[in-house]
Amino acid sequence: MGDTRAFRVWRGDAAGGSLVDFEVEVDEGEVVLDVVHRLQATQAPDLAVRWNCKAGKCGSCSAEIDGRPRLMCMTRMSALDIGAPVTITPMRAFPVIRDLVTDVSFNDAKAREIRSFTPPPDLAPGEYRMSQVDVERSQEFRRCIECFLCQDTCHVVRDHEENKGAFAGPRFLMRVAELEMHPLDVADRVAVVQDEHGLGRCNITKCCTEVCPEGIKITDNALIPMKERVADRKYDPLVWLGRTIRRRGA
Amino acid sequence: MTETERHEYDVLVVGAGGAGLRAAIEARERGLRVAIVCKSLFGKAHTVMAEGGCAAAMGNVNENDSWQVHFRDTMRGGKFLNSWRMAELHAKEAPDRVWELESWGALFDRTEDGRIHQRNFGGHTYPRLAHVGDRTGLEIIRTLQQRIVALQQEDHAATGDYEARLRVFAECTVTELLRSDDGAIAGAFGYWRESGRFVVFSAPAVVLATGGIGKSFQVTSNSWEYTGDGHALALRAGAELVDMEFVQFHPTGMVWPPSVKGILVTEGVRGDGGVLKDSDGDRFMFGYVPAVFTGQYAESEDEADRWYDDQENNRRTPDLLPRDEVARAINTEVKEGRGSVHGGVLLDIASRMPAEEIRRRLPSMYHQFRELADVDITAEPMEVGPTCHYVMGGIDVDPDTGASGVPGLFAAGECAGGIHGSNRLGGNSLSDLLVFGRRAGLGAAGYVERLEGRPAARAEDVDAAAATALAPFDRGEAAGENPYALHADLQRSMNDLVGIIRTEAEMTAALTRLGELRERLRDVVVDGHRQYNPGWHLALDLRNMLVVGEAVATSALTRTESRGGHTRDDHPTLDPQWRHRVLRCRRRSGPQDDDPAVPPVAVEVAERDPMRADLLALFDLAELEKYYTPAELSSHPQGGSDG
Amino acid sequence: MTTTVPRRRRPGTGVDAPGRAAVGARTLRTDRWWLPPLATAVGLLAFLVYGGFRAFQRQYFFADERYLTPFYSPCVSLGCAAEPGSAHFGMFLPDNPLIPYAALSLPFLLGFRLTCYYYRKAYYRSFWLAPAACAVPEPHATYTGETRFPLILQNVHRYFFYVALLVSAINTYDAIVAFHHPTDGFVVGVGNLVLLVNVALLWCYTVSCHSCRHVMGGRLAHFSKHPVRYRLWTWVSALNTRHMLFAWVTLATLVLTDLYVALVAAGTLTDLRLIG
Ligand SMILES: Cc1cc2nc3c(=O)[nH]c(=O)nc-3n(C[C@H](O)[C@H](O)[C@H](O)COP(=O)(O)OP(=O)(O)OC[C@H]3O[C@@H](n4cnc5c(N)ncnc54)[C@H](O)[C@@H]3O)c2cc1C
Ligand code: SF4
Ligand code: SF4
Ligand code: FES
Ligand code: FES
């Protein structure tokens, strides 16, 4: 059997709550989620927590450990400071439901605002031809497990509740990028990503990339390339001129 | 008590995995109002964990592939016990289902000429698995999820309401199916996990797509959701389960550290050159080639190693025997004391190829072991052991429509039985979800359209369901069983007694233990209140696990042979007399037997439908003779040997 | 970062907004999260102070009759006449203490770095504290990001990139002509290596720019139809992953190169001749 470690777990609901201290046994090789489960089984049977796969694949167990947004199932106890108690709180950008469980419906709403994949109208299933090099950029973004840690950490909404209406958040700006770079998507997504999904609010400070458990380079590969495409469309007189001339010529 | 919420839909889909979402899409596209209920958040269902790929005979990589070859592979994999009609539909329709995903935005890995790439997998004659790296399940579930959003956007454009015709009830658990006086489905009863409030859905058709049962076992690759809810709901509503004795144990799950025990180590490790070794470093699989396979596998390490480079002139390594054989071999090694430190065996790829190559071919395994076990698989062997992975058995359905025996009740996906026979081939589940999810959606839609009046649920059933759900709060402190402890005991019993290797004595002991657990379940008490209370949720899931455990144990006790996912130490061989028989489980309801919460299970032996002659003719007589009784083969075009 | 003055956070916003978990502490991070922004701020300020001083010093910018420091390139002020051979592109700007000798390039180089996607991240974090570190609340009451004037101007980054290409070409020219000594002919000194390394790294920084990545191929929908541009994009992408590294390394090499030239010019150091 392992050592006893100190934990401070936030317990409460929308009406209020506080960090509660626990002493829990920790075995070799365990992750934070194991400890939370031991808490449930031995000391706090009604401790609310979300999880599914326990292998970093489903994106259910998002929380903040020692103040950092992380997956509980992929945070090994051995990686945390031995000396201090481990603090676990729910994600702090979303309304809390109870204990470690938050209401992430903000994300569902944002998902619905993005125009769906729009293939060419005359292409039948089975006729799709795409090269590997053309799908690779979007494939990186499709690795997303929707843990919403990036949405949680992005200061645009984390620190400014009032921005939630005008800003889709990194995960969904990346979804627009995914469709924009899809070799067979025919919808024009450049103007809307700036005007409706709020790309301009992102100040490329890369916290989303820092916390993404899938290691997706959200800022470098999705957000900045989209900013460049927006610049093409809206802020670059030369590109505008070139486009106009080409259109006249054609 | 807070007021019960009520909703009315045409089709209620229970489960938001591949099967449930595909069914919902189909029913909605037929113009019906559809609700999807799931225990986790939308997009987190178990399907998300599937790695290897989705089998479909598109012939993109090897054009010799066809539905006939896929059909044969599936039947062989299941040791000819499969529902042949399901296997036929599955093989024929899987390519269309995969292509359709692409038109909804899925991005599979590509071939040189821009088509969907397909990979090799155990039991599949040709490269057949459409895949995206090792995260195929994620791609499929995300695509279906996004398709649902697209349909909701259409509804929004038409009506101003995203949820006008398709609504997802996430984190909502169904605990009971509701029926009308004449026994037809009328809806379902459930609770919101978040608030603990009750919900009554009235719907003339319910599609069950709740997945598997792995959480009844201690060591499993499955998540907490897999408590066999669909199996139990159907059984309680009067439907039948088939093939429940067949449970697939994947030979390689992680064994250490304890907290990750059971998490899957993909078959790809062995496919790419990894070998199994005992604690002395011996490659023990050479000693475990069963009689039916003699001559088909390499007999020396040298030959096995040559096979990776030259498959024409060498036989494959016995490390790649079917999953059931490898799982049994590992089990024996450990039992006889040749296991690794933490009770598994060693899976070594580090000594077989350069570190760089390992990281390139198996990125997620490298990551998984480094993050979770502190093991660098490019330098040390992995410790692995069998883990409960998949249940072949499930709700007995009509192959074409997914209809169960109860009017209005449909099922698809892992919780439906039949297609995989006694053993599922890797990659055949994802395609199963798509093909039969769609068919169940169509079946339900057709049923609703033909219906003259909407069946009404009995009010007393709703009250009874609410009372059962609340019971764990109402018991006095004296009762005092902890649901977590009870769950642990159940898992241990199933693992130890109804695991990979079974005997009559163990099965009988298991049934006794399950009987005791059933008693203890009556005393389960939960702390706290109804708002997001995992202890309460577990207490309610336990009764499903018990019913399912009983179905598995009783079926396993009845089938006195060994085949696929069912191995009897006391009946170690395949018996053709058992091939044509099917075990059907149903709730037993005599006056004294009736425990409405956990009804006792009765198992009945029945005959299987004989295979259609044109399908039977797809096989060589010589092969069929290994599995069939001579009488059954008289219709085979090669004559059959009646005598 | 907005045009509003940073104020004390009002209670009830951000992580304290109603409905969110009432944790109390602004951040529970226990690591030294303030260190990276602090280091960034110190580094950037040090560079600005050094660069500012040198740009206006109008001395010690040309050494051994052939080494021109990048801070004075191109040397186009009438004042460059003080060091014959330092002006390769003519002298026309008035010699005024307020006008650096390289007044033609310096504002663009400054603009290039100011609008660089990496430096934006660096100074938004370290100077604007928006956010200082991840999951550490920022002090601003409102936030509109880069949607309004003046920050909307960050979108002109690509024009600075085009000019930066030109300046890098000039720096390269400087580094090459430095092999020619007016009297000794072809020579190689340590200073030549310093200039070469500096200019090579400057190219790495410039070419690894996100705008460059976009222009090379990032804007294309179908790589498979443009194999050459795809190849270019792959190379730029590979460099781009180290853009932050190049951003800092070039700050350092710029300072070191300039310092080397200045010290040799001042006579404090003698340039070691390797050939000639
Ligand atoms: C690690 C791993 C790897 C795998 N790899 C592959 C592979 O490579 N290829 C392959 O073909 N197969 C693979 N499989 C198998 C395959 O993933 C599953 O069999 C398949 O996903 C099951 O899908 P489903 O739609 O039936 O159910 P699931 O996806 O499991 O969904 C079940 C749904 O039902 C809901 N539910 C359950 N009970 C209730 C209730 N009471 N009330 C409301 N909702 C409920 C759940 O919330 C969930 O949404 C793998 C399995 C595992 C565990
Ligand atoms: S880079 Fe942009 S989207 Fe990502 S966290 Fe920072 S501000 Fe938010
Ligand atoms: S992009 Fe990364 S951090 Fe954001 S939701 Fe997806 S997986 Fe999570
Ligand atoms: S439980 Fe699935 S990501 Fe942690
Ligand atoms: S120079 Fe840094 S992004 Fe362009």
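These values consider heavy atoms only, across backbone and side chains, with no hydrogens, waters or symmetry-generated copies. Just so it is clear: chains get the letters A, B, ... in the order the sequence lines come, proteins before strands, and each one is counted from 1.
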Where on [X] is there a heavy atom nearer than 4.5 Å to chain A: the side chain, the backbone, both, or neither?
{"X": "Gln368(B)", "value": "side chain"}
{"X": "Gln145(B)", "value": "side chain"}
{"X": "Asp113(B)", "value": "backbone"}
{"X": "Ser195(B)", "value": "neither"}
{"X": "Leu107(B)", "value": "both"}
{"X": "Tyr226(B)", "value": "neither"}
{"X": "Trp104(B)", "value": "backbone"}
{"X": "Ala150(B)", "value": "both"}
{"X": "Glu225(B)", "value": "side chain"}
{"X": "Asp374(B)", "value": "both"}
{"X": "His46(B)", "value": "neither"}
{"X": "Tyr532(B)", "value": "both"}
{"X": "Leu372(B)", "value": "both"}

**OP:** Could you point out which residue of Tyr191(B), Trp192(B), Tyr484(B) forms a ring-ring contact (aromatic ring centres under 6.0 Å, His included) with His537(B)?
**Re:** Tyr191(B)
Using non-hydrogen atoms only, which part of [X] is less than 4.5 Å away from chain B: side chain, backbone, both, or neither?
{"X": "Asp13(A)", "answer": "side chain"}
{"X": "Arg142(A)", "answer": "both"}
{"X": "Asp34(A)", "answer": "side chain"}

Original post:
Just checking, is any N or O donor in the side chain of Thr111(B) or Asn60(B) under 3.5 Å from an acceptor N or O on the other one?
Top reply: no
Original post:
Which of parallel (below 30°), tilted (30 to 60°) and perpendicular (above 60°) describes His156(B) and Tyr162(B)?
Top reply: parallel
Subject >> Criterion side-chain contact (heavy atoms from CB on, under 4.5 Å) against Arg171(A), the qualifying member of Cys147(A), Cys144(A), Cys212(A), Cys208(A) >> reply: Cys144(A)
Original post:
With a 4.5 Å limit on heavy-atom distance, are the side chains of Lys57(A) and Glu51(B) in contact?
Top reply: yes
Original post:
Heavy-atom distance under 4.5 Å between the side chains of Met72(A) and Val49(A), does that happen here?
Top reply: yes
Subject >> Neighbours of chain B found in residues 173-188 of chain A - heavy atoms under 4.5 Å >> reply: Arg175(A), His182(A)
Subject >> Contacts with chain B made by residues 130-141 of chain A (heavy-atom distance under 4.5 Å), listed by residue number >> reply: Met130(A), Ser131(A), Gln132(A), Val135(A), Ser138(A), Gln139(A)
Original post:
For His37(A) and Trp51(A), what are the C-alpha separation, side-chain angles and deciding distance, and is it a ring-ring contact (aromatic ring centres under 6.0 Å, His included)?
Top reply: CA-CA 10 Å; His37(A) 282 155; Trp51(A) 66 285; 4.5 Å; yes
Original post:
Going by an N to O cut-off under 4.0 Å, is there a salt bridge joining Glu210(A) and Arg68(A)?
Top reply: no
**OP:** Go through the steps to decide whether Glu194(B) and Gln531(B) satisfy the test side chain to side chain contact (heavy atoms under 4.5 Å, CB included), and finish with yes or no.
**Re:** CA-CA 6 Å; Glu194(B) 182 182 314; Gln531(B) 201 196 17; 5.8 Å; no
